[in-house]
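Inspection log for the structure reproduced underneath, given as structure tokens.
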Protein chains: 2
Amino acid sequence: MSEGDRIDAIEEPPARQPTIYDVARVAGVSHQTVSRLLKGDQGIKPANRERVLQALETLDYRPNLTARSLATRRSHRVAVLTQELGQVGPGKVVQGAAEEARLHGFVLDIITLDVGDRSNVEQGIRTVNQQDVAGILALASTDGLRAAFDRADFRIPVLMGGEGDEATGGPPLQVSTVAIPELVDHLVALGHRDIVHIAGPKKWVAARNRAFAFSNALKHHGLRLTRTVYGDWSAASGYEAVRSLPARARFTAVCAANDQMALGAMLALQERGLGVPTDVSVTGIDDIPEAAYLVPPLTTVRMNSEEQGHVAFRNLLAQINGETPTPIMVEGRVILRKSTAPPALR
Amino acid sequence: MSEGDRIDAIEEPPARQPTIYDVARVAGVSHQTVSRLLKGDQGIKPANRERVLQALETLDYRPNLTARSLATRRSHRVAVLTQELGQVGPGKVVQGAAEEARLHGFVLDIITLDVGDRSNVEQGIRTVNQQDVAGILALASTDGLRAAFDRADFRIPVLMGGEGDEATGGPPLQVSTVAIPELVDHLVALGHRDIVHIAGPKKWVAARNRAFAFSNALKHHGLRLTRTVYGDWSAASGYEAVRSLPARARFTAVCAANDQMALGAMLALQERGLGVPTDVSVTGIDDIPEAAYLVPPLTTVRMNSEEQGHVAFRNLLAQINGETPTPIMVEGRVILRKSTAPPALR
DNA sequence: CGGTGGATTGTTACCGGTAACGAAATGGGC
DNA sequence: GCCCATTTCGTTACCGGTAACAATCCACCG
């Protein structure tokens, strides 16, 4: 045995991952047979299949994805363009997309950009162009980004945002704003008639969709938004939005297009001496984890951002594979908390 | 010319990215010369260099990173293990790391895991093991994860968390808790003597560090924490933490280990009839974007998470390249807002 | 029992780079 | 002008897979 050991020691190849050639040698077949089995081909004799499987097992073989990519000339990398990851929504969407990507053997190349800054956007696009990516997931769907993409003229599949443009009748919806009517029903049922909407930036598709959904839902009750103010999704902008309202403005509810703005709005309202919900009801959208613990806990719409990420990636993958993506609705759900109540009598 | 045109048209290769061979042909040199120039070698005659540069330009050459990876046998992929991305802190850290990664031609493979769930962690590690990654960035630094990593016995560089373990005298700090003493000074100067700490989970290195920093800072004033309660970083747990305090408990300040828990704590305090900051002062850590717009705006410590991500990746890269990483401090900064005030007289 | 055709399997080339080494060109000293 | 040490450049092999095609096997038929 000591002899054998010595030979083993000498023959011991440099520690390195086993390849299909190693597997083939051990199994006594050609590397191609191994490759075929790995690919899931059927035409392999049971005896051989068994031996290859065995060899795969004993060598603890793991495919070299780099080599595979090179040979197939297919990249398994997808660029994700997103706004600040520090935000809850985008963060969750990316998380969902990342999970889905890994499931399909892809990696995400995350590129965050400041959507407002045109040169920053161009820079991001240039970066993407230099990588070899199989597709692009643009999670921050704004007009500016769309325009930049049009200019860039990518040859690879691009999936813009998670939402179709309801307001302008764009491509089919992937993310539904279906819960917003429900939220409006709730407010109207409570007795609210004068509702202010704090919308996201006009250039954001999601902002337009949400604003559209609100005014549409109100229309069903024969009402309309008393006023729409525009923010930039941040708590700061929600705060400023309320402060920008004239002191004489009459309204009993404020519906913000996301929770952060709702949060800022609540602070501004309270600074103005208006109690939430006693004087004014406030609602958000997204249901960030903190929403339940704000003062008061916020009525909002849970958006299931993670699922959005999954869906978005799957759709992109379908495009990459030359299939036509099937638009899938991701439903929202109204979460009632204490920031909404019947308006004060007056 | 028309003859030439026709030939051109016929010879037109299938649309595909130019390779170094194409560049070499156009420049009239061997592909190796191109490769050398690309690598930054010096020994190339100016005339040739010029022609290659020219060819590179006209063909709009872009290196195929896959082929390069295969040839060099070096992966340019780094796995990032992180807690929920939906949280602000982790999200920003990942964002910073992603930026730094791209700068060095790397991509991040983001794997989110539930640190508390052991099987989930093992699963994540198995996933990593199947990929060929150059290194691992474990941003969620817990004892459980460390143990799992020890068991996994990776052959590749691993960078655990962004913080060294101050409390147990671990490896050198990369992220400083240096601002916490300042925060404590502030509270003590206001007159607070009875301070409750809502800590993160004991198994988190960051939680230990922060708790340690608080008690240490108090020691300098001859004081100690009146009480420490443990949460799980979530707003919900901050809320429960305060509710778990006995009704007769005497304290004038609550310092949470992050902003979310501070937020939950504020709600619970107010439900208990205690005003913030009139009866009890509250502080957080992280300075999430919402902190300034809570009711009341939260005094906290800004942690510069994005920079943390940059530093973490750079250090990992150093390890990958066989260098010894230099621990770099990322400093925090106290942000004073309205949630802290002198304690009520009694 | 030879022929035939589909099922299996093996051989060779290729993906687009880098590494190693040898060949050619250059330049300086005598 | 010749020789030799350096530069500079080109050739060939290789990374670990997949693709295309050729070769072999085998069962079944006439």
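None of these values were measured; they are calculated from a predicted model. Here is how names work: the chains are called A, B, and so on, in the same order as the sequence lines, proteins then strands, and each is numbered from 1.
In this structure, the side-chain contact (heavy atoms from CB on, under 4.5 Å) partners of B:Ala147, at least two apart in sequence or on a different chain, are B:Arg151. A:Arg73 is linked by a side-chain contact (heavy atoms from CB on, under 4.5 Å) to B:Arg16, counting only residues two or more places apart in sequence or in another chain. Residues meeting the salt bridge (Lys or Arg N to Asp or Glu O under 4.0 Å) test with B:Glu99, sequence neighbours left out: none. The salt bridge (Lys or Arg N to Asp or Glu O under 4.0 Å) check on B:Arg74 picks up nothing, with sequence neighbours excluded. For the salt bridge (Lys or Arg N to Asp or Glu O under 4.0 Å) test, no residue two or more places apart in sequence or in another chain qualifies with B:Glu50. Every residue two or more places apart in sequence or in another chain was checked for a ring-ring contact (aromatic ring centres under 6.0 Å, His included) with A:His310, and none qualifies.
Here the P atom of nucleotide C:dG16 and the CZ atom of B:Arg74 are 22 Å apart, to the nearest Å. The separation between B:Leu37 atom CG and C:dT18 atom P is 11 Å, rounded to whole Å. One can place CZ of B:Arg51 at 13 Å from C1' of D:dC9, the figure rounded to the nearest angstrom. Distance, A:Gln17 CD to D:dG17 P: 9 Å, rounded to whole Å. Here C:dG17 presents its P atom at 15 Å from CZ of B:Arg36, a figure rounded to the nearest Å. To the nearest angstrom, P of D:dC9 lies 19 Å from CZ of B:Arg25. Between A:Leu38 atom CG and D:dG16 atom C1' the separation is 12 Å, expressed in whole Å.
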Distances for protein N/O vs nucleotides 22-27 of chain C N/O pairs under 3.5 angstrom?
{"from": "C:dT26", "atom 1": "OP1", "to": "B:Lys45", "atom 2": "NZ", "distance (Å)": "3.4"}

Mind listing the N/O atom pairs, protein and nucleotides 13-15 of chain C, below 3.5 Å?
none

Please list, one pair per line, the donor and acceptor atoms closer than 3.5 Å that link side chains of residues 20-29 of chain B to other protein atoms, with sequence neighbours excluded.
{"from": "B:Asp22", "atom 1": "OD1", "to": "B:Arg25", "atom 2": "NH2", "distance (Å)": "2.8"}
{"from": "B:Asp22", "atom 1": "OD2", "to": "B:Thr19", "atom 2": "N", "distance (Å)": "2.8"}

Side-chain donor-acceptor distances from residues 53-61 of chain A under 3.5 Å, at least two apart:
{"from": "A:Thr58", "atom 1": "OG1", "to": "A:Ala55", "atom 2": "O", "distance (Å)": "3.2"}
{"from": "A:Asp60", "atom 1": "OD2", "to": "A:Arg62", "atom 2": "NH2", "distance (Å)": "3.3"}

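Looking at B:Ile136 and B:Val78, their side chains never come closer than 4.5 Å, going by heavy atoms from C-beta outward.
For C:dG10, the OP1/OP2 oxygens have a side-chain nitrogen or oxygen of A:Thr33 closer than 4.0 Å. The phosphate of C:dT18 (OP1 or OP2) has a side-chain N or O of B:Ser35 nearer than 4.0 angstrom. Contact annotation: A:Lys39 reaches the phosphate of D:dA19 (side-chain N/O to OP1 or OP2, under 4.0 Å).
Here the closest non-hydrogen pair linking B:Ile110 and A:Ala98 is O-CB, 3.8 Å.
End-to-end axis angle of the helix from C:dC1-D:dG30 to C:dC30-D:dG1, using five pairs per end and rounding to 10°, comes to 60°.
A:Asn64 contributes a side-chain N or O that, together with a main-chain N or O of A:Thr66, makes up a donor-acceptor pair within less than 3.5 Å.
At the heavy-atom level, A:Ile44 lies under 4.0 Å from the strands shown only through sugar-phosphate atoms.
Between A:Ile20 and B:Gly28, the one whose closest nucleotide on DNA chain D sits nearer the 5' end is B:Gly28. Nearer to the 5' terminus of DNA chain C, by closest-nucleotide assignment, is the contact made by A:Gln42 (compared with the other of A:Gln42 and A:Gln32). Where B:Asn48 and A:Arg68 meet DNA chain D, the nucleotide closest to each residue was compared, and B:Asn48 sits on the side nearer the 5' end.
Among residue pairs with one or both ends in residues 131-155 of chain A, those qualifying as ring pair (Phe, Tyr, Trp, His ring centres under 6.0 Å) are A:Phe149-A:Phe154; sequence neighbours excluded.
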